[in-house]
Amino acid sequence: MFKAILARIHQKHRTIKYPAEPAVLPELLRGYPLLNPDACPEECRLCADACPFGAIEAGTGKELSLDMGKCLFCTECTGACPQGAIAFSCDEKLAANRREDLLVSPGCERRLVQALEARMRSLFGRSLKLREVSAGGCNACEADVNVLSTVGFDLGRFGIQFVASPRHADGIFVTGPVTENMREALLKTYEAVPEPKIVIASGACAINGGPFIDSPEAHNGVDGLLPVDLYIPGCPPHPITVLDGLLRLLGRMEEK
Amino acid sequence: MTDHFSMKTLYNGESLPLAAVPLVKREDFLQGIINAVDRGWRISAMFGDGGADGVTLYAVLSAKSDGVLGVMRSRCGDSFPSITPYCPQANLFEREIAEQFGVKPEGHPWFKPVRFHRPFRPGRDAWGRDASERILPGVTDFYRVEGEEVHEVAVGPVHAGIIEPGHFRFQCHGEEVFHLEIALGFQHRGIEAGLIGGPGPRTVHQMETGAGDSTVAHTWAYCLIMEALAGRRIPAKGEVIRAIALELERLANHTGDLGAIAGDTGYLPTSSYCGRIRGDFLNMSAVLCGSRFSRGLLRPGGTGFDCSLKQADDLLKRLAAGRADLFNAVDLIWTTPSVMGRLENTGTVSIGTATELALTGPAARACGMAMDVRQDFPYGIYQMSQIPVVTAKSGDVYARTLVRWLEADKSLDFVEEQLRQLPGGPHRAQIAPPAAERIAVALTEGWRGEVCHVAITDEVGRFSRYKIVDPSFHNWPGLAMALRGQQISDFPLCNKSFNLSYCGFDL
């Protein structure tokens, strides 16, 4: 017992101060993409050709754009561009309410997550219970969602909790490209959540299939199967990216 | 010197002309596997290859006493006699061959689908299912124990925690588990079928996410394959960065498991501390490449990122802090009788069972099997810098916990040593595309155990077959055996002590 108390003193209070203070992120984090089409030579599409997942549009008659829903933030494009027209910033705020808001192009206004409408917000704003469903996820998205419940992030302090049963939940949090073998289980879990409910698609797989896009054994993500309220890009998303998306959805970041 | 039977031998990370792989009679092939396993070899991979014109079976066996791998092949026909009754470690491999290629292992004692998908060869279904019939995951015959007061508990695919899906059936008598059957396949993404005709621009990303908590172990195996097929060695600095990344991956996961095991005994201090410390190790991977899961770090020819002296210094400081916190958190386990009482004599697997099933990684070493790819089939920097193999004897949850702790300690020493003597020079070399008509084999030691990749190239150097064996493919049957005669309430603890991959198994 004495030893446990000494250990407690050694380990200190380590919950991050975020969102009261900015999160400490890795220097090399690949966050919100920065595009500079002014640097692009005529008809150059080196970046678009280098992207293995078709996330980039460039070249003849097309404005340079990047779809964060398809992007794995993998650096194939930045490595291919001799002009440095594409870079990944350290900005972790990637989530969006609508699929089209994940499209980054220099002419388009950046839309961060908008809070739920008033009724939903009054229901969930201070208490949101989610049922996680891994539908073909590789256990990286799952692991970095799990980490939010540790003392380092302490998700419970925001009233958000991952629960054991869909019957206890206000929504589902989906990871993975939705394999054919998980499709039915995902839909049944969704059905079991009482109304009103929300759907969150987290990670490149759940948004658009990720590395397994167009696999005959998977469904290119949740879209088309369930109505999605929040998209969280990344492969996997950094825990702070997930947290930022959740807090904005609940309208908890407005005063910040 | 071990008898090589009918096999051609090679070293880990080498390739051979396909023509050099002995094509033996089917009976000699199967008997050869049985004989080799009797003499201490293990099956690292056994798989089919082929299309409309027939199926060829391949076996890749490993002999740790000599540090060599053996390969052979045989034409198959529509069926082959099952060797599972004589060689239990062939069980899942034979069922996988049947599911993928529609050739039946005659006399297999446990003949059920592995991942619940259509065969690679259309119309060749080993269970005679019609092409119009939907294949539903988990829909198969389950072993049932009948009798008064015997009941069945079914769990999954969706579990209570944030974990991957799988279906578990327990045959119970009161609280006691007579038998556990595990049905997987829910995570199947068609990875192996999709790799035929590769490699392509997406391939390395699929290797990184096949089992995404073992990104480094799998991507390193893929890199070894590509380098073997290109006949190229990589710069020393690349080798060192790869090993640092692999040991950081091991540290993060072992730390997480130590915390999770403590959590399932109801001991929250170690559980809370390790949950956070695990994140500290993930952040060290992010210091190297920006990703907590080392995405983008390993690439054929070397690494995608360099490691500067500034990064090395940063990592050394973080490692020292991580070591102090981890020692402090884990030490509580060994001195808390209520935790030790739950770990000892729970979920015991005997060394006999472990050997028969060919368990791998910490699960095998906890049963006293001294095996570790880094030591037995060294690759990369492990050829120069060795990590001691740690084992335990009791084969229970305690042993699996202890092995993880001792391994974490050794990994800390190793990473610190490597960071202090980082080589100079480039971290990546350009490599040629894969050579035609060759076979390459690569083993790595992930944090769960042996990862095996095998590639066969066609006449233009594309993959005609790419086989991936995740350590969980060997170890899931070990978890089922660990539960026999246990209380069903011990399942979460036993499960955490194995912590196996669903997606790595399902591919």
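Just the heavy atoms: all of them, side chains too, but no hydrogens, waters or symmetry mates, feed the values below. Order of the sequence lines fixes the chain letters, A, B, ..., with proteins taken first and strands second; residue numbering starts at 1 for each chain. Since this is a predicted model, take the numbers as computed values, not measurements.
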Any non-hydrogen side-chain atom of [X] less than 4.5 Å from a side-chain atom of [Y]?
{"X": "A:Phe88", "Y": "A:Cys74", "answer": "no"}
{"X": "A:Phe173", "Y": "A:Val145", "answer": "yes"}
{"X": "A:Cys205", "Y": "A:Cys141", "answer": "no"}
{"X": "B:Leu298", "Y": "B:Ile241", "answer": "no"}
{"X": "A:Leu130", "Y": "A:Ile172", "answer": "no"}
{"X": "A:Leu128", "Y": "A:Ile198", "answer": "yes"}
{"X": "A:Asp229", "Y": "A:Ile200", "answer": "no"}
{"X": "B:Val158", "Y": "A:Leu186", "answer": "no"}

Using non-hydrogen atoms and a 4.5 Å limit, figure out which bit of [X] sits close to chain B: side chain, backbone, both or neither.
{"X": "A:Val163", "result": "backbone"}
{"X": "A:Ala218", "result": "neither"}
{"X": "A:Ala135", "result": "backbone"}
{"X": "A:Leu29", "result": "both"}

Closest approach of [X] and [Y], non-hydrogen atoms and distance?
{"X": "B:Ala252", "Y": "B:Leu282", "value": "CB-CD2, 3.7 Å"}
{"X": "A:Ala206", "Y": "A:Val174", "value": "CB-O, 3.4 Å"}
{"X": "B:Val451", "Y": "B:Gly446", "value": "CG2-N, 4.4 Å"}

Top contributor to chain A interface from [options] [non-hydrogen pairs under 4.5 Å]:
{"options": "B:Gly185, B:Gly210, B:Pro269", "value": "B:Gly185"}
{"options": "B:Ala329, B:Gly138, B:Pro157, B:Pro165", "value": "B:Pro165"}
{"options": "B:Gly279, B:Gly290, B:Ala286", "value": "B:Gly290"}
{"options": "B:Gly296, B:Gly190, B:Cys289", "value": "B:Cys289"}

For A:Ile5, is the CD1 atom crowded, meaning more than 12 foreign heavy atoms sit under 6.0 Å from it? yes
For chain B, which residues of residues 51-59 of chain A have heavy atoms nearer than 4.5 angstrom: A:Pro52, A:Phe53
Pairwise distance [atom1]([X]) to [atom2]([Y]) - rounded to 0.5 angstrom:
{"X": "A:Leu66", "Y": "A:Cys71", "atom1": "CG", "atom2": "SG", "result": "5.0 Å"}
{"X": "A:Leu102", "Y": "A:Ile232", "atom1": "CG", "atom2": "CD1", "result": "10.5 Å"}
{"X": "A:Leu34", "Y": "A:Ile86", "atom1": "CG", "atom2": "CD1", "result": "10.5 Å"}
{"X": "A:Ile160", "Y": "A:Ser127", "atom1": "CD1", "atom2": "OG", "result": "9.5 Å"}

Set of side-chain hydrogen bond (donor to acceptor under 3.5 Å, both in side chains) partners for A:Asp170, sequence neighbours left out: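 Checked A:Asp170 against side-chain hydrogen bond (donor to acceptor under 3.5 Å, both in side chains); zero matches.
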Which members of residues 193-200 of chain B, sorted by number, sit under 4.5 angstrom from chain A on a heavy-atom basis?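 So no residue qualifies.
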[options]: which one forms the most heavy-atom pairs within less than 4.5 Å of chain B?
{"options": "A:Gly136, A:Pro236, A:Gly210", "answer": "A:Gly136"}
{"options": "A:Pro177, A:Pro239, A:Pro216, A:Gly176", "answer": "A:Pro239"}
{"options": "A:Ala4, A:Gly152, A:Gly137, A:Cys90", "answer": "A:Gly137"}
{"options": "A:Leu28, A:Leu25, A:Leu6", "answer": "A:Leu28"}

I'd like a table of the N/O donor-acceptor pairs between chain A and chain B - cut-off under 3.5 Å, distance only.
{"residue": "A:Lys3", "atom": "NZ", "partner": "B:Asp331", "partner atom": "OD2", "Å": "2.7"}
{"residue": "A:His10", "atom": "NE2", "partner": "B:Asp325", "partner atom": "OD1", "Å": "2.8"}
{"residue": "A:Gln11", "atom": "OE1", "partner": "B:Arg276", "partner atom": "NH2", "Å": "2.9"}
{"residue": "A:Gln11", "atom": "NE2", "partner": "B:Asp325", "partner atom": "O", "Å": "3.0"}
{"residue": "A:Gln11", "atom": "NE2", "partner": "B:Asn328", "partner atom": "OD1", "Å": "3.0"}
{"residue": "A:Arg30", "atom": "NH2", "partner": "B:Cys289", "partner atom": "O", "Å": "2.6"}
{"residue": "A:Arg30", "atom": "NH2", "partner": "B:Arg295", "partner atom": "O", "Å": "3.0"}
{"residue": "A:Pro52", "atom": "O", "partner": "B:Arg202", "partner atom": "NE", "Å": "2.7"}
{"residue": "A:Pro52", "atom": "O", "partner": "B:Arg202", "partner atom": "NH2", "Å": "3.4"}
{"residue": "A:Glu76", "atom": "OE2", "partner": "B:His205", "partner atom": "NE2", "Å": "3.4"}
{"residue": "A:Arg131", "atom": "NH1", "partner": "B:His159", "partner atom": "O", "Å": "2.6"}
{"residue": "A:Arg131", "atom": "NH1", "partner": "B:Ala160", "partner atom": "O", "Å": "3.1"}
{"residue": "A:Arg131", "atom": "NH2", "partner": "B:His159", "partner atom": "O", "Å": "3.0"}
{"residue": "A:Arg131", "atom": "NH2", "partner": "B:Gly161", "partner atom": "O", "Å": "2.8"}
{"residue": "A:Ser134", "atom": "OG", "partner": "B:Gln187", "partner atom": "NE2", "Å": "3.4"}
{"residue": "A:Gly136", "atom": "N", "partner": "B:Gln187", "partner atom": "OE1", "Å": "2.6"}
{"residue": "A:Gly137", "atom": "O", "partner": "B:Gln187", "partner atom": "NE2", "Å": "2.9"}
{"residue": "A:Cys138", "atom": "O", "partner": "B:Gly212", "partner atom": "N", "Å": "2.8"}
{"residue": "A:Asn139", "atom": "ND2", "partner": "B:Asp213", "partner atom": "OD2", "Å": "2.6"}
{"residue": "A:Asp144", "atom": "OD1", "partner": "B:Arg292", "partner atom": "NE", "Å": "3.3"}
{"residue": "A:Asp144", "atom": "OD1", "partner": "B:Arg292", "partner atom": "NH2", "Å": "2.8"}
{"residue": "A:Asp144", "atom": "OD2", "partner": "B:Arg292", "partner atom": "NE", "Å": "2.9"}
{"residue": "A:Asn146", "atom": "ND2", "partner": "B:Ile162", "partner atom": "O", "Å": "3.2"}
{"residue": "A:Thr179", "atom": "OG1", "partner": "B:Phe186", "partner atom": "O", "Å": "2.6"}
{"residue": "A:Asn181", "atom": "ND2", "partner": "B:Arg115", "partner atom": "O", "Å": "3.0"}
{"residue": "A:Asn181", "atom": "ND2", "partner": "B:Phe116", "partner atom": "O", "Å": "3.1"}
{"residue": "A:Asn181", "atom": "ND2", "partner": "B:Gly185", "partner atom": "O", "Å": "2.8"}
{"residue": "A:Pro211", "atom": "O", "partner": "B:Gln206", "partner atom": "NE2", "Å": "3.0"}
{"residue": "A:Ser215", "atom": "OG", "partner": "B:Arg189", "partner atom": "O", "Å": "2.8"}
{"residue": "A:Cys235", "atom": "O", "partner": "B:Arg295", "partner atom": "NH1", "Å": "3.3"}

Pick one of side chain, backbone, both or neither for B:Val287, based on which atoms fall under 4.5 Å of a heavy atom in chain A. backbone
Chain A contact via B:Ile277 - which portion, at a heavy-atom distance below 4.5 Å: side chain
For the residue pair B:Phe116 and B:Phe186, is the inter-centroid distance of their aromatic rings smaller than 6.0 Å?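 When the ring centroids of B:Phe116 and B:Phe186 are compared, they turn out to be at least 6.0 Å apart.
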I'd like to know whether A:Leu148 forms a side chain to side chain contact (heavy atoms under 4.5 Å, CB included) with A:Leu243, so could you lay out the CA-CA distance, the side-chain angles of the two residues, the decisive distance to 0.1 Å, and finally the verdict. CA-CA 8 Å; A:Leu148 289 176; A:Leu243 190 53; 4.2 Å; yes
Where do B:Ile468 and B:Leu507 land on the side chain to side chain contact (heavy atoms under 4.5 Å, CB included) test, with the steps shown first? CA-CA 8 Å; B:Ile468 299 171; B:Leu507 295 176; 4.0 Å; yes
